[in-house]
Each structure stands twice: as C-alpha cells, then as structure tokens.
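Scroll down for the structure; my scribbles are underneath it.
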Amino acid sequence: VTPSSIRPLLEDRLFAVKKQIHDACRRAGRQPEEVTLVAVTKYAGIETAAMLVELGVRDLGESRPQELWRKRAALRTDVRWHLVGHLQRNKIQRTLPLHLIHSVDRLSLLTSLEQEAVKRGTTVHVLLEVNASREPSKLGFAPETLLGLASCIKSLRQVHVLGLMTMAAPAADPDTCRPTFTLLRQLRDRLRQLVPLPHRLEHLSMGMSDDFEVAIEEGATLVRIGSALLAGLPRQPDTQ
Ligand SMILES: *Cc1c(COP(=O)(O)O)cnc(C)c1O
C-alpha cells in the first residue's frame, strides 16, 4: 500500500463497514441512525485519522489517553472524541473535556470524575465497562456487581451515566459473542429501572471489527471499529 492509495482504500473499507451496519440494522428491524460508528484510530497515524474525518467520520476513539490527546491536538475540533481504554486518575485533567468515556471500569474513577466535573462546573458523559464475558484478565465491573452501583450512580450530579460498554472474548465464530451482548443489554435494562435521569442508560457500546454485526442485532448503539478500517495500512510518519 502506497500513501496515495490509502484514501481510496479507506473509502472502500468505510463504505463496506457502513453497509454491514446498515444490513445488520435491517435484519434486526432497527434504523441505521440508531447506531454510531466510532472509528478506533489506535492503529493509525494522524494523517490517516484525518482522512477518516474528511471521509465524513465524526466519532473517533482511542484506547490510550496520551494518544487521544495527541490526535485531538492535531485534528479538527468538530471531531467527537471517545476514550475506549483504561483511564488512570492522574490523566483525568488532560483528558477532559471529551464527548464520551466508554471505559469507566471502577468506582474510584467514577467519583474522581465527579469531583473534577464539579470543580469545572461541567458535565462528563460516561459508560460503565462491564466484564460481561467474565474473562479473569479483563477490566470492568463484574455483571453481579452492576445493579449494586445504582445508589452510587444516583448520587452523581455532574457525571451522567449514559450506558454500558463491553468487549466480547475473541472468537472464531462471532455468534459465540451473542450471549455476552445479550447480557449487557439485559443488565442495562435492569439498571435503567433503578436510576433516575439524567442517567439515561440509553447506550450500549459493544461490537468491534469481528463481531459488530451480532452486537447490532443485540442492540448496540455504538460500535467501536478499528482493524476493519485500518488494518494493514502503513503508519505514516506524523508531521508533528
Ligand atoms: C482496539 C479497540 C477496539 C477496536 O478493535 P478492532 O477489533 O480493531 O475493531 C474497540 N474497542 C476497544 C476497547 C479497543 O481497545
């Protein structure tokens, strides 16, 4: 792949992913507008990420805060940034403000974010990460502990919990991931009955390159797609 051929390749892949999203929505009787494509740019350099934005992608995600800061500083300001990976407390200051944090994986982070939001007089939108596949190596709240968070969520005034996020265990057959996604939806439905607004719990961030169609069939509203768009593209040397 040469640099000049990156753009058409990216355009083709983006078109293909959007069509898959569209088809999965149709199978599930859902509207394509209900699903937001978050392009996870961790495999890409700044120039490739900028190309995605030129091609109309408005939502970009990064798993490492430092990389999010770097790309955010370089790209257009109308990009909606999503943090999809672990956030250490000492990185909160530089990470805010941003569109959505998908990966709140522990209570202490929730309370630190609330403190910072109060201090700034702003609102912070988050999802709670759930280890719905119950893999020992994974971060996130255990499914059993989630409903017990209701009273803590209720006490948050400036952190708004907009939904849940999970990552399925890698699988050769994406249908194997379905129970993980179903569980996340069920947990969301139950938690939603326990907490009042503004904790809308409308979002389900689930589905990555290998399993996003199944996730959409199970109710995903945010799909986080990296390699299906960016695998194999050269990391161009960044100009900054
Ligand atoms: C990297 C990453 C993705 C994208 O994964 P692909 O399989 O490359 O689409 C999605 N979510 C999180 C949390 C990630 O770290």
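Nothing fancy with the numbering, it's 1 onward along the sequence. Counting starts at 1 for both ligands and their atoms, following the listed order. Predicted model, so just to flag it, every value in this text is computed and none were measured.
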Let me know which of Asp105, Leu162, Ile153, Leu107 forms a side chain to side chain contact (heavy atoms under 4.5 Å, CB included) with Leu128. Ile153

Have a look at ligand 1 and work out which part of Ser209, if any, has a heavy atom under 4.0 Å from it: side chain, backbone, both or neither. both

Relative to ligand 1, is Lys42 under 4.0 angstrom through side chain, backbone, both or neither, heavy atoms considered? side chain

Consider ligand 1: state whether an atom of it lies below 4.0 angstrom from any non-hydrogen atom of Tyr43. yes

Just to verify, which of Arg185, Arg27, Arg26, Arg30 counts as forming a salt bridge (Lys or Arg N to Asp or Glu O under 4.0 Å) with Glu217? Arg27

Numbering the atoms of ligand 1 from 1, which are under 4.0 Å from a heavy atom of [X]?
X	result
Gly226	4 (C), 6 (P), 8 (O), 9 (O)
Ile225	9 (O)
Ser227	6 (P), 7 (O), 8 (O), 9 (O)
Ser63	15 (O)

Name the option, out of Leu139, Val223, Val84, that contains the heavy atom nearest to atom 12 (C) of ligand 1. Val84

Sub-4.5 Å side-chain heavy-atom contact between Met165 and Arg224: yes

For residues Ser133 and Met167, determine if any side-chain heavy atom of one lies less than 4.5 Å from a side-chain heavy atom of the other. no

One pair to check against salt bridge (charged side-chain N to carboxylate O under 4.0 Å, His left out): Glu62 and Arg70. What are the steps and the verdict? CA-CA 10 Å; Glu62 277 292 333; Arg70 196 175 78 91; over 6 Å; no

Classify the side-chain pair Thr122/Gln158 by whether it contains a donor and acceptor separated by less than 3.5 Å. no

Whether the Glu129 and Ser103 side chains hold a donor-acceptor pair (N or O, under 3.5 Å, no angle test) is what I'd like checked. no

Return the closest protein heavy atom for atom 10 (C) of ligand 1 as residue, atom name and distance. Met208 SD, 3.3 Å

Which residue holds the protein heavy atom closest to atom 11 (N) of ligand 1, what is that atom called, and what is the gap in Å? Arg224 NE, 2.9 Å

